[in-house]
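Structure, as structure tokens:
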Amino acid sequence: MTHSFLLEPGRWTLHGNWLTRDALPTPVKGKLLVAWKQDNCFMIATKLAFPAGEHDDIVIQSRGRMTSQERQYTFVIQHSLLGQVEGEGWVAPESIVQRYWGLSDKQRRSGVETLRQLGPTRYHFSGGMMAGHYLTSTIEAELTRQ
């Protein structure tokens, strides 16, 4: 099975839960748009919404460049919570794993995310954000191609 997320343009929806320290899981929904330009460059626009209103929406705009082997990539993000972010990712046979870190962030926030392919149009998404050495939030969701 070849990856359809990230490596192909498309529209995706996200449904899952957001967890923070000392709080119950919060439902989260989202939409993602993946687009490609020339020279192995991609863009992803993401909006995460919390239907119960516990958190403000999270808006993420990223752009990146895939290596010529299409196994590794680097990216920059404008993140509504973290500000400017840089990161790197690896494309494995059954998953996509990426890590990121905030630039000029006094809390030293960083994170890691994994997208495990369940089928041609479905992924299980899990990630965690840290401030320094402490886990501050996690997300677990399913991505479905539209």
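Predicted, not measured: the structure shown is a model, and the values here were computed from it. Each residue takes its place number in the sequence, starting with 1.
Leu143 is not listed as a side-chain neighbour of His15, based on a closest heavy-atom distance of 4.5 Å or more. Two residues are said to be in side-chain contact when any heavy atoms from C-beta on lie closer than 4.5 Å; Ser137 and Trp18 meet this criterion. Contact annotation: the side chain of Arg63 never approaches that of Cys41 to less than 4.5 Å [non-hydrogen atoms, C-beta and beyond].
In this structure, the separation between CG on Asp56 and OG on Ser80 is 8.0 Å, given to the nearest 0.5 Å. To the nearest 0.5 Å, the span separating OG1 on Thr46 from CG on Leu33 amounts to 8.5 Å. In this structure, Trp90 CH2 and Gln98 CD are separated by 13.5 Å, a value rounded to the nearest 0.5 Å. The structure places CG of Asp105 at 11.0 Å from NE2 of His79, a figure rounded to the nearest 0.5 Å. Atom CG of Asn40 is separated from atom CD of Glu70 by 6.5 Å, given to the nearest 0.5 angstrom. Residue Leu118 holds its CG atom at 9.0 Å from OH of Tyr123, rounded to the nearest 0.5 Å.
Using modelled atom types and a 3.5 Å distance limit, the side chains of Ser95 and Gln117 yield no donor-acceptor pair.
When atom types are taken as modelled, the side chain of Arg109 and the backbone of Trp101 share no donor-acceptor pair closer than 3.5 angstrom. With hydrogens and angles disregarded, no donor-acceptor distance shorter than 3.5 Å links the side chain of Gln61 to the backbone of Val59. A distance-only check finds a donor-acceptor pair linking the side chain of Trp36 to the backbone of Leu6 [under 3.5 Å]. Of the possible donor and acceptor atoms, none in the side chain of His3 sits under 3.5 Å from a partner among the backbone N and O of Phe5. In this structure, Thr67 contributes its side chain and Gln72 its backbone to a donor-acceptor pair below 3.5 Å.
Taking all atoms of both residues into account, the shortest heavy-atom contact from Asn17 to Val28 is N-CG1, 3.8 Å. Shown here for Ala35 and Pro9, the closest heavy-atom pair between the two residues is CA-CB, 4.4 Å. Taking every heavy atom of both residues into account, Leu82 and Met129 meet most closely at CD2-SD, 3.8 Å. In plain terms, the two heavy atoms of Arg21 and Tyr134 that are nearest each other are NH2-CB, 3.9 Å. Across Ser4 and Arg145, no two heavy atoms sit closer than the pair CB-NH1, 3.5 Å. The two residues Trp12 and Arg122 make their nearest non-hydrogen contact at CZ3-N, 4.4 Å.
Checked for salt-bridge contact, Glu113 and Arg99 miss the test: no charged N lies under 4.0 Å from a carboxylate O.
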Between Met66 and Arg71, is the side chain to side chain contact (heavy atoms under 4.5 Å, CB included) condition met? List the steps.
CA-CA 7 Å; Met66 188 72 64; Arg71 289 200 27 211; over 6 Å; no
Could you walk me through whether Leu48 and Lys29 pass the side chain to side chain contact (heavy atoms under 4.5 Å, CB included) test, one step at a time?
CA-CA 6 Å; Leu48 301 178; Lys29 293 182 180 181; over 6 Å; no
Does the pair Glu86 and Thr74 meet the rule for a side chain to side chain contact (heavy atoms under 4.5 Å, CB included), with working shown?
CA-CA 8 Å; Glu86 285 185 355; Thr74 58; over 6 Å; no
Criterion side chain to side chain contact (heavy atoms under 4.5 Å, CB included) on Thr20 and Thr136, from CA distance to verdict
CA-CA 6 Å; Thr20 56; Thr136 59; over 6 Å; no
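Hydrophobic cluster membership differs between Met130 and Leu81, with clusters built from Ile, Leu, Val, Met, Phe, Trp and Tyr side chains linked at under 4.5 angstrom. Ile139 is not connected to Leu19 by any chain of hydrophobic side-chain contacts under 4.5 Å among Ile, Leu, Val, Met, Phe, Trp and Tyr, and they are in different clusters. The hydrophobic clustering, which links ILVMFWY residues whose side-chain heavy atoms are closer than 4.5 Å, places Val97 and Val34 apart. The hydrophobic cluster containing Val85 does not contain Met43, counting ILVMFWY residues as joined when their side-chain heavy atoms lie under 4.5 angstrom apart, directly or transitively. No single ILVMFWY cluster, assembled from side-chain heavy atoms under 4.5 Å apart, contains both Val76 and Tyr100.
The number of heavy-atom neighbours closer than 6.0 Å to CD of Gln84, taken from other residues, nucleotides and ligands shown, is 12 or below. Heavy atoms of other residues, nucleotides or ligands lying less than 6.0 angstrom from CD of Gln146 number more than 12.
Not counting sequence neighbours, the partners of Lys47 by the salt bridge (charged side-chain N to carboxylate O under 4.0 Å, His left out) test are Asp57.
Using a 30° and 60° split on the angle between ring planes, Phe42 and Tyr73 fall in the perpendicular class, above 60°.
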